[in-house]
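Only one structure is covered here, and it is reproduced in the block below.
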Number of protein chains: 2
Amino acid sequence: MRIGEAAAASGVSAKMIRHYEAIGLVPAAGRRGNEYRDYGDADIHRLRFIRRARDLGFGMDRIRALLRLWSDRDRSNADVKQIALDHVAELEERISAMREMADTLHELAAACDGTGRPDCPILGGLAGTLPASPRAAAKVDARPSRPV
Amino acid sequence: MRIGEAAAASGVSAKMIRHYEAIGLVPAAGRRGNEYRDYGDADIHRLRFIRRARDLGFGMDRIRALLRLWSDRDRSNADVKQIALDHVAELEERISAMREMADTLHELAAACDGTGRPDCPILGGLAGTLPASPRAAAKVDARPSRPV
DNA sequence: GTTGACCTTGCCATGGTGGGAAGGTGCAGA
DNA sequence: TCTGCACCTTCCCACCATGGCAAGGTCAAC
């Protein structure tokens with residue numbers, strides 16, 4: 001399979017397949033005499049694994065660890081579970097930080113009548129009288145880094 | 001005030017103050033004869049505004065818009081509210097995507113006994129038998145981009 | 001005049017991903 | 001055989017917000 005078919009079959013873009021190869025997340029693909037990369041079923045399988053892990057929000061370091069365990073017959077499922085639980089804990093932390101932000105904003109927005117006058121509790125809150133909440137924000141970014 | 005004091009007073013690092021100046025989010029600070037930037041109370045106020053908006057997860061574009069409205073006497077609070085609500089909607093979307101990820105992982109982890117054997121439902125799930133959930137993940141990044 | 005705290009500019013890195021340029025390859029049809 | 005097209009290759013740039021580091025300037029206190 002050439003990279004385009006591999007991309008379609010795995011759900012990982014050709015661009016990212018090359019990138020994963022460059023950072024050593026997947027082994028360098030063989031070339032078919034010409035310069036083209038060549039992929040087999042095992043490669044697709046691995047790429048799909050990565051895709052699913054990405055979909056679950058795992059970062060590259062953890063995916064790397066998971067891949068290592070995946071291809072280790074003598075692995076301990078306790079190790080796998082630990083990685084998953086660590087990641088879940090981080091997810092929960094980010095979720096609650098964002099929950100706090102959203103709640104604060106809901107309150108501010110509710111206090112704003114939106115009638116078109118200059119008077120605005122939201123700006124008021126941002127300008128200084130914010131009810132002293134989200135310190136968690138310093139630890140977590142709530143903006144997306146994977147463009148939609 | 002020099003930049004260090006301004007940073008301490010506003011909660012925005014000196015580095016970021018310079019960056020905000022570079023991207024035009026704050027006006028270029030005056031210099032005091034020497035090369036040092038000089039800040040007054042209004043500057044601190046503005047920086048604190050930015051800091052609070054960042055803490056609520058606003059991205060730079062929205063902060064820029066909020067700042068414009070903030071310093072516009074003839075603003076409409078409907079405009080402000082719209083920006084806030086747009087942002088809240090994005091937050092909620094990301095929260096629910098991450099909620100889905102966390103839930104899926106909770107399930108997988110619960111199915112894994114973690115007794116140390118190679119047998120592992122988590123890897124099984126990643127390897128292909130994942131219960132067909134998080135398509136939302138394609139739209140939202142759950143990893144932090146602001147380092148902790 | 002030396003020390004130390006602070007400032008300056010400028011470059012690099014992060015993490016995943018996409019965009020695009022400039023050029024090579026392979027296959028189908030005229 | 002030539003042409004066109006779809007695909008591939010490598011390489012560089014951009015995002016967003018932030019931190020780190022380096023090499024050098026400035027100022028106040030001792």
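Per chain, numbering begins at 1; letters A, B, ... match sequence-line order. Since the structure is predicted, the reported quantities are computational estimates derived from the model, not experimental observations.
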Spacing of B:Arg18 atom CZ relative to D:dG20 atom C1', expressed in whole Å: 13 Å
Axis bend over the full length of the helix from C:dG1-D:dC30 to C:dA30-D:dT1, computed from five pairs that close each end, to 10 degrees: 30°
Integer-rounded Å distance: D:dT10 P and A:Ile17 CD1: 13 Å
Proximity to the side chain of A:Glu35 - top-ranked nucleotide from D:dT9, C:dG20, C:dG16: D:dT9
B:Ile23 CD1 to D:dT18 C1', straight-line distance once rounded to whole Å: 12 Å
Validation row: A:Ile83, A:Leu69 side chains within 4.5 angstrom (heavy atoms): yes
Atom pair distance, as rounded to whole Å: CZ in B:Arg94 and C1' in D:dC16: 12 Å
Separation of D:dC7 C1' from A:Asp38 CG (nearest whole Å): 14 Å
Heavy-atom neighbours of A:Glu92 CD exceed 12 at 6.0 Å: yes
Closest-nucleotide ordering on DNA chain D, the 5'-leading residue of A:Glu21 and B:Asp61: A:Glu21
Rounded distance in Å - CZ (B:Arg54) to P (D:dG19): 10 Å
A:Arg37 side chain near D:dT9 phosphate (N/O to OP1/OP2, under 4.0 Å): yes
Heavy-atom donor-acceptor pair, A:Lys15 side-chain to C:dG16 base, under 3.5 Å: no
No-H, no-angle donor-acceptor pair, A:Tyr36 side chain to C:dT25 base, under 3.5 Å: yes
Sugar-phosphate only, base, or nothing, as touched by B:Arg31 at under 4.0 Å among non-hydrogen atoms: sugar-phosphate
Backbone of A:Pro118 reached by a side-chain donor or acceptor of B:Arg75 within 3.5 Å: yes
Between C1' of D:dG25 and CD1 of B:Ile3, the distance in whole Å: 15 Å
Geometric class of the B:Phe49/B:Trp70 ring pair [parallel <30°, tilted 30-60°, perpendicular >60°]: parallel
Phosphate OP1/OP2 of D:dA6: any A:Arg2 side-chain N/O under 4.0 Å: no
B:Ser13 side chain near D:dT18 phosphate (N/O to OP1/OP2, under 4.0 Å): no
Residue pair A:Leu67 / A:Leu25: nearest heavy atoms and the distance that separates them: CD1-O, 3.6 Å
Nearest non-hydrogen partners of B:Leu108 and B:Ile122, listed with the distance: O-CG1, 3.7 Å
Any A:Tyr20 side-chain N or O less than 4.0 Å from OP1/OP2 of C:dT17: yes
Cluster link A:Tyr36 to A:Leu47, ILVMFWY, side chain under 4.5 Å: no
Separation of D:dC27 P from B:Glu5 CD (nearest whole Å): 15 Å
